[in-house]
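Both backbone and side-chain heavy atoms feed into the values below; hydrogens, waters and symmetry mates do not. First the proteins, then the strands, lettered A, B, ... as listed; each starts at 1. Computed from a predicted structure; not experimentally measured.
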Amino acid sequence: NAGVTQTPKFQVLKTGQSMTLQCAQDMNHEYMSWYRQDPGMGLRLIHYSVGAGITDQGEVPNGYNVSRSTTEDFPLRLLSAAPSQTSVYFCAIRTTLTGELFFGEGSRLTVL
Amino acid sequence: GEDVEQSLFLSVREGDSSVINCTYTDSSSTYLYWYKQEPGAGLQLLTYIFSNMDMKQDQRLTVLLNKKDKHLSLRIADTQTGDSAIYFCAEGKAGTALIFGKGTTLSVSS
């Protein structure tokens, strides 16, 4: 997972609170993405970006915002946390040659 | 719609071979991937196969691709307890997001 850094690793929020999950890469890849992983649901794409200034929605974007002002950073914002957003969140970058994803170590979020 | 299907669980004894199966739907997928996730960790790429290949071998891992049936398998020879993890199959092509299966939990008993 070297090259993709996620912070924080653990977070507990109350319903209605907002927070930002940070993702930073030092591999200079254009494509960055956020997934959430839930038991029995596998990985679901929240938002992705194909380069600075460009973002797009994935499969489950509601309740989340993203921005991509630099190539290195791709923060994920929860505007008003809900218990349904309790999950493990993974940031990933994608290589252009073989299209594989490199994942960060994950951020475990609990919303009470 | 697009969907990648995997069986949810596989249990094997140490030293046996494990075969994890995956069915994908998009015949235009360029690459097919296998990822491994250990408890509390992120996903790590195990191997991938290009769509014009039938087989790829990498040490104890063998990937078989049947494009006609859209079937992908991962064989782990001489399975060890350290191979216990969740294995995800994924398909992808340029310009689109990877599509993941729900994962197969491999349990290896000694």
Side-chain angles (χ1 to χ4, degrees), chain A residues 1-7 9-10 21 23-25 27 29-51 54-61 66 74 87-109, chain B residues 1-9 20 22-26 28-53 56 58 61 63 65 72 74 85-106:
Chain A
N1 295 332
V4 181
T5 304
Q6 289 185 235
T7 55
K9 287 187 169 41
F10 301 94
L21 298 177
C23 177
Q25 59 134 338
M27 299 172 76
H29 286 295
E30 297 292 336
Y31 186 102
M32 298 184 75
S33 54
W34 278 102
Y35 287 83
R36 60 178 288 174
Q37 184 180 25
D38 303 290
M41 301 295 289
L43 286 160
R44 293 182 290 172
L45 181 65
I46 305 171
H47 284 284
Y48 65 98
S49 168
V50 297
I54 307 168
T55 64
D56 208 344
Q57 297 181 349
E59 182 185 354
V60 288
V66 291
F74 190 43
S87 187
V88 182
Y89 292 86
F90 289 100
C91 178
I93 60 175
R94 188 171 182 182
T95 67
T96 53
L97 186 60
T98 56
E100 66 202 66
L101 291 172
F102 286 99
F103 287 85
E105 292 187 351
S107 297
R108 185 175 296 273
L109 175 67
Chain B
E2 299 170 335
D3 210 357
V4 177
E5 299 284 347
Q6 298 179 241
S7 54
L8 293 181
F9 299 102
I20 302 172
C22 170
T23 302
Y24 62 98
T25 57
D26 189 349
S28 65
S29 289
T30 309
Y31 287 97
L32 295 129
Y33 312 86
W34 283 104
Y35 284 85
K36 177 183 180 182
Q37 185 182 34
E38 297 182 355
L43 278 73
Q44 290 190 312
L45 180 71
L46 269 182
T47 187
Y48 64 88
I49 187 167
F50 190 52
S51 59
N52 68 354
M53 297 169 64
K56 181 178 181 180
D58 184 2
L61 305 178
V63 177
L65 175 60
L72 182 73
L74 174 69
I86 304 176
Y87 291 81
F88 291 91
C89 167
E91 61 172 332
K93 59 186 177 185
T96 66
L98 266 63
I99 300 170
F100 286 84
K102 290 183 169 50
T104 300
T105 298
L106 174 64

Worksheet entry | B:L98 side chain reached by A:L45 side chain, heavy atoms, under 4.5 Å | no

Worksheet item: Heavy-atom distance under 4.5 Å to chain A: side chain of B:Q37, backbone, both or neither?
Response: side chain

Worksheet item: Which residues from residues 29-37 of chain A are near chain B, with near meaning under 4.5 Å between non-hydrogen atoms?
Response: A:Y31, A:Y35, A:Q37

Worksheet item: How long is the span from the CG atom in A:L43 to the CD1 atom in B:I99, to the nearest 0.5 Å?
Response: 12.5 Å

Response to the item:
Turns out that what part of A:Y48 lies under 4.5 Å from chain B's heavy atoms comes down to neither

Worksheet item: Within the distance-only criterion (no hydrogens, no angle test), does the side chain of B:Y33 pair as donor or acceptor with the backbone N or O of A:G99 below 3.5 angstrom?
Response: yes

Practice prompt. Using non-hydrogen atoms and a 4.5 Å limit, figure out which bit of A:R94 sits close to chain B: side chain, backbone, both or neither.
Written response: side chain

Worksheet item: Considering only heavy atoms from C-beta outward, does the side chain of A:L101 approach that of B:F100 to under 4.5 Å?
Response: yes

Worksheet item: Looking at B:G40, B:A97, B:G103, B:G92, which one has more heavy-atom pairs under 4.5 Å with chain A than the rest?
Response: B:A97

Item to complete: Give the intermediate values and the outcome of side chain to side chain contact (heavy atoms under 4.5 Å, CB included) for residues B:Y35 and A:E100.
Response: CA-CA 10 Å; B:Y35 284 85; A:E100 66 202 66; 4.0 Å; yes

Worksheet item: So what's closer than 4.5 Å to chain A heavy atoms on B:F88: side chain, backbone, both or neither?
Response: side chain

Worksheet item: Counting only heavy atoms not in A:R108, do more than 12 fall under 6.0 Å of its CZ?
Response: no

Discussion item. For chain B, which candidate among A:G42, A:G106, A:A92 shows the most heavy-atom pairs at distances under 4.5 Å?
Written reply: A:G42

